K.L.:
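Okay, handing you the structure first.
Source: prediction; values computed, not measured. Just so it is clear: chains get the letters A, B, ... in the order the sequence lines come, proteins before strands, and each one is counted from 1.
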Amino acid sequence: MFQIKEQSPVYDVCIVGSGAGGGMAAKILAEAGLKIALMEAGPDFDPADPDSQTQLKWNYESPRRGASTPTRSFGDMDMAYGGWEIHGEPYTRKGDSEFDWFRSRMVGGRTNHWGRISLRFGPLDFKRKDFDGKGDNWPIGYEDIAPYYDKVDKLVGVYGTRENIPNEPDGYFLPPPKPRLHELYLKKGIKKLGIPVIPARKSVLTKRLNDSRGVCFYCQQCNRACNVYADFSSSSVLVKPAGETGNMDLYVDAMVREVLTDENGRATGVSYISRQDRQEYQIKSKVVVLAASACGTARIMLNSKSDRHPNGIGNSSGVLGHYLHDSTGASRSAILPELLDRTRYNEDGARGMHIYTPWWLNDKKDLEFTRGYHIEYGGGMYMPGYGVGFGMEHQNGRIPGKDGKMKKAGGYGLSFKEDVKRFYGAGIGFAGRGESVPQKDNYCEIDPDVVDQYGIPVLRFNYHWTKDEIMQAKHMQDTFEEIIHALGAVPNGEKPGADTNYGLEAPGRIIHEVGTTRMGTDKNTSVTNKYNQTHDVDNLFVMDGGVFVSQADKNPTWTILALAWRSSDYLIDELKKMNI
Amino acid sequence: MDRRRTLKYLAAGTALTGFLFTSCADDKKYQVAGVPKKAKNPFGYGRTPEELERDKNLSERSFFTSDEAALINVLADIIIPADEEYGAATDTDVFTFIDFMALDRPDFQIPLRGGLQWINQESRRRFNKEFVNISESQQIEIVEDIAYPFDAEPAFTQGARFFSILRDLVACGYFSSKEGIEYIGYMGNTPHVWDGVPQEVLDEHGLAYDQKTLDECVDQSKRNETMDWSGYEL
Ligand SMILES: Cc1cc2nc3c(=O)[nH]c(=O)nc-3n(C[C@H](O)[C@H](O)[C@H](O)COP(=O)(O)OP(=O)(O)OC[C@H]3O[C@@H](n4cnc5c(N)ncnc54)[C@H](O)[C@@H]3O)c2cc1C
């Protein structure tokens, strides 16, 4: 007979989700001596475990040469169990809404394969409304979070350079790796346009940080999770040390369904379904911290209904799930003729770009959109895998051959074989990642008709871009074209136009979704206070990107980490003062 | 490329990163509840139990018939023939890869099977024989009509579409193989120390690192010294 099993100990804190936010909470709270239950829906994972390792494997060891699969959206060797769709765990969209939801199910969440671009938000980013009248200001400013950015820099490690650019705050950086060949070309070409190019800022250890982590050995594969912990994954950098305090129990394959409450509406723990035996269990705790990712947390809260919380826990405002927003994204690529038939050498660096362009037009008021974007650059001689040699008919007919003559696109035989070699490593890519204006009408809610394989009601997404985002994408495309022109490069494909919203990616695609449990001073328009504590329930905290009021033109994770640390300090303090 | 330099870096990389591959996840100091039993993994890289089951299942099956396999192999070597130094597509067994992909991504099945069929029909129409049984020059005559998709005559556009798909898969199978990687000249996937573009390559391109970049980028001889921020100001 089905029965709910209660776990015996009462923990001080039950944390749901072991990604960036949950990992940080676990580390800070466990080190403070609190007894922690860390709940993770996916399996255990440690980047150093040889059984799960893909780092330094050849793509030809995979029968599909590393192609993506239904269980790994970014390829067979990528270290994210999950992806855009997870078998047995659907989500839905209402009407013509677009939203794609990327989930990783494993200890460390999406931080095992994330891009490691680690940018602080700047002073302006917390107060955008003051400048353009749109959206809302954060209840905190840069000065509130800065000490925590400092601590995150030193604990986790990030390379970069002090540039003293307004709104691109510097940090405690490790020295960056040198630019690669295509990046030298990019720097040279782009500077002519008055667009800044600076060293990237990424959480990869280019120098030793401490004795429990190794130093980068430049395999270009951070997305496969690093065996020597030379990059940031929550699994290795946060969850592991949290466990070593002896104060944490880690529950894996534990799919949390809802927050349990007492008759006063306070949190008493969580209930979860074990993916192993499909039985329901309960964890009792004095405090509950949700960090299941912005949408995962909103789902748990919306599903936690009781007499005291009829619309879901922490939702007296009715804004839970609302103001969901992602970064904007658009991209373009080109061939740089100078790189055809290039000399070979081992060009593997730290994964991804070594240089980037921060937003450079904060002072400009006459753009047809408000809010900026940064540009990430791609290129280089990558390990051949699935996709190598594809689409040669779109390349070899557009640039003269070695003999200076144009040839027909496509082909076969020795000349085709040589063309693949000739074009290898000659491509460059541009990706704009921008700030959108959060909208109340963009939200996730519980689908009244659909449950997942664990019987838990699923999310339904409602999301439309506004003119601001579309016009920003247009500006990205114009900029890419300008850069391509300045470099003398040959663009691939047609420039995306109005018919495709200028190549603007569907919401969710940039995987910076935040805002569902936003913080604020007014409990009628926000879910948490400025310390990530829910207005309605004093022993319920949210420590993922849900609390963002606005996602800046920077990637979100450094801010998630800093806020989770700040909130954990606050929680410890409140417990000491017996306020909770 | 100076081979000695690479080797030195390789050794240095391993030594400097210290505990490469020595850490083990099994000696956990804390309790992990709910860990399932490990499944045996015949593949050389990490797979989840769910992935293992699917991949094992796919590897044991075959999509193409032996006749289709023979035709794919002939076309594959037309697309990537041997040169003086390196082999042809079939030397790297691109067929196994293409067959696997047809099962892994069923969207390939109809275009590939139908395309092979199209090729044989064209061959019978022109020469009264299947494609594998006509002469090399006859084969090339057909391939010439479908190898250039933007120049294909209306009668051959479907054939050209098929040929582009097959060319993609053959090229990918070859260039991601061990031999293909050597041919294309990729030299990474091994621990090393990236210390910038080699001087001779910079010279070739008339480029140089400016002083600011040299000053601010990591001094690789000090990479193993613990970072010290004393005196560092924000
Ligand atoms: C390809 C890619 C590249 C990226 N690059 C960057 C980048 O360069 N810079 C950057 O700043 N950000 C980047 N991101 C985004 C970054 O990964 C996220 O911002 C970050 O991981 C969010 O942390 P989180 O703790 O909120 O959620 P996650 O990391 O998603 O962790 C949430 C965890 O909660 C678990 N969980 C969910 N629901 C439940 C439940 N009901 N019960 C129990 N457990 C549950 C999940 O299994 C997961 O492990 C990237 C993301 C992707 C996918």
K.L.:
Are the charged groups of B/Glu85 and A/Lys417 less than 4.0 angstrom apart, N to O?
P.N.:
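Result for this pair is no, no salt bridge flagged.
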K.L.:
What distance do A/Tyr412 atom OH and B/Phe163 atom CZ have between them, rounded to the nearest 0.5 Å?
P.N.:
8.0 Å
K.L.:
Select, from B/Asp219, B/Asp77, B/Val143, B/Val218, the one with the greatest count of heavy-atom pairs under 4.5 Å involving chain A.
P.N.:
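The option with the most such pairs is B/Val218.
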K.L.:
Are the side chains of B/Thr226 and A/Leu209 in contact, using a 4.5 Å heavy-atom criterion?
P.N.:
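When only atoms from C-beta onward are counted, B/Thr226 and A/Leu209 do not touch, as no gap falls below 4.5 Å.
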K.L.:
Looking at A/Tyr382, A/Phe390, A/Tyr159, which has the largest count of heavy-atom pairs under 4.5 Å with chain B?
P.N.:
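Looking at each option in turn, the highest pair count goes to A/Phe390.
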K.L.:
Sort A/Glu61 into side chain, backbone, both or neither according to what part of it lies under 4.5 angstrom from a heavy atom of chain B.
P.N.:
both
K.L.:
Supply the atom-to-atom distance A/His394 NE2 to B/Phe150 CZ, rounded to the nearest 0.5 angstrom.
P.N.:
4.5 Å
K.L.:
Hey, are the side chains of A/Leu184 and B/Thr213 touching, using non-hydrogen atoms and a 4.5 Å cut-off?
P.N.:
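Not in contact.
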K.L.:
Roughly how far apart are A/Glu338 CD and B/Leu207 CG, rounded to 0.5 Å?
P.N.:
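So the gap between those two atoms works out to 9.0 Å.
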K.L.:
Is any side-chain heavy atom of B/Cys172 closer than 4.5 Å to one of A/Tyr386?
P.N.:
yes
K.L.:
So for A/Gln221, is it side chain, backbone, both, or neither that comes closer than 4.5 Å to the heavy atoms of chain B?
P.N.:
side chain
K.L.:
When you look at A/Asp76 and B/Arg47, which way does the salt bridge (charged side-chain N to carboxylate O under 4.0 Å, His left out) test go after all the steps?
P.N.:
CA-CA 9 Å; A/Asp76 218 10; B/Arg47 304 278 72 200; 2.6 Å; yes
K.L.:
Using non-hydrogen atoms and a 4.5 Å limit, figure out which bit of A/Arg162 sits close to chain B: side chain, backbone, both or neither.
P.N.:
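Side chain of A/Arg162 only, per the 4.5 Å heavy-atom cut-off to chain B.
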K.L.:
Under a 4.5 Å heavy-atom cut-off, does chain B meet the side chain of A/Tyr172, its backbone, both or neither?
P.N.:
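Contact with chain B: backbone and side chain both.
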K.L.:
By ring pair (Phe, Tyr, Trp, His ring centres under 6.0 Å), which residues pair with A/Phe173, not counting sequence neighbours?
P.N.:
none
K.L.:
Examine whether an atom of A/Pro63 lies under 4.5 Å from a heavy atom of chain B, and if so say whether it belongs to the side chain, the backbone or both; otherwise answer neither.
P.N.:
both
K.L.:
Could you look at A/Ser274 and say if it's the side chain, the backbone, both or neither that has a heavy atom under 4.5 Å from chain B?
P.N.:
neither
K.L.:
State whether a side-chain donor-acceptor pair under 3.5 Å links A/Asp348 with B/Tyr186.
P.N.:
yes
K.L.:
Nearest 0.5 Å, what's the OG1-NE2 distance between A/Thr343 and B/His205?
P.N.:
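Interatomic distance, A/Thr343 OG1 to B/His205 NE2, rounded to 0.5 Å: 5.5 Å.
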K.L.:
Under 4.5 Å from any heavy atom of chain A, what part of B/Ala82 do you find: side chain, backbone, both or neither?
P.N.:
backbone
K.L.:
Would you say that A/Arg64 contacts B/Asp55 through its side chain, given a criterion of any heavy-atom pair below 4.5 Å between the two side chains?
P.N.:
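SC-SC contact between A/Arg64 and B/Asp55 confirmed.
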K.L.:
Go through the structure and list residues passing side-chain hydrogen bond (donor to acceptor under 3.5 Å, both in side chains) with B/Asp151, not counting sequence neighbours.
P.N.:
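B/Asp151 satisfies side-chain hydrogen bond (donor to acceptor under 3.5 Å, both in side chains) with no other residue.
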K.L.:
For A/Lys178 and B/Trp194, indicate whether the former's side chain and the latter's backbone hold a donor-acceptor pair under 3.5 Å.
P.N.:
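The answer is no, because no donor-acceptor pair under 3.5 Å joins these two groups.
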K.L.:
Below 4.5 Å from any heavy atom of chain B, which atoms of A/Ser62 appear? Answer side chain, backbone, both or neither.
P.N.:
both
K.L.:
Assess the side chains of B/Glu200 and A/Tyr345: does a donor N or O sit below 3.5 Å from an acceptor N or O?
P.N.:
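Distance-only check fails for B/Glu200 and A/Tyr345.
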K.L.:
What part of A/Ala350 lies closer than 4.5 angstrom to a heavy atom of chain B: side chain, backbone, both or neither?
P.N.:
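Contact with chain B is absent: no heavy atom of A/Ala350 under 4.5 Å.
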K.L.:
Residues two or more places apart in sequence or in another chain: which of them pass side-chain hydrogen bond (donor to acceptor under 3.5 Å, both in side chains) with B/Tyr183?
P.N.:
none
K.L.:
What part of B/Phe43 gets within 4.5 angstrom of chain A, counting heavy atoms only: side chain, backbone, both, or neither?
P.N.:
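Just the side chain, heavy atoms under 4.5 Å.
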K.L.:
Enumerate by number any residue of residues 96-104 of chain B whose heavy atoms lie under 4.5 Å from heavy atoms of chain A; in the absence of such residues, state 'none'.
P.N.:
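Result: B/Phe97, B/Phe100, B/Met101, B/Asp104.
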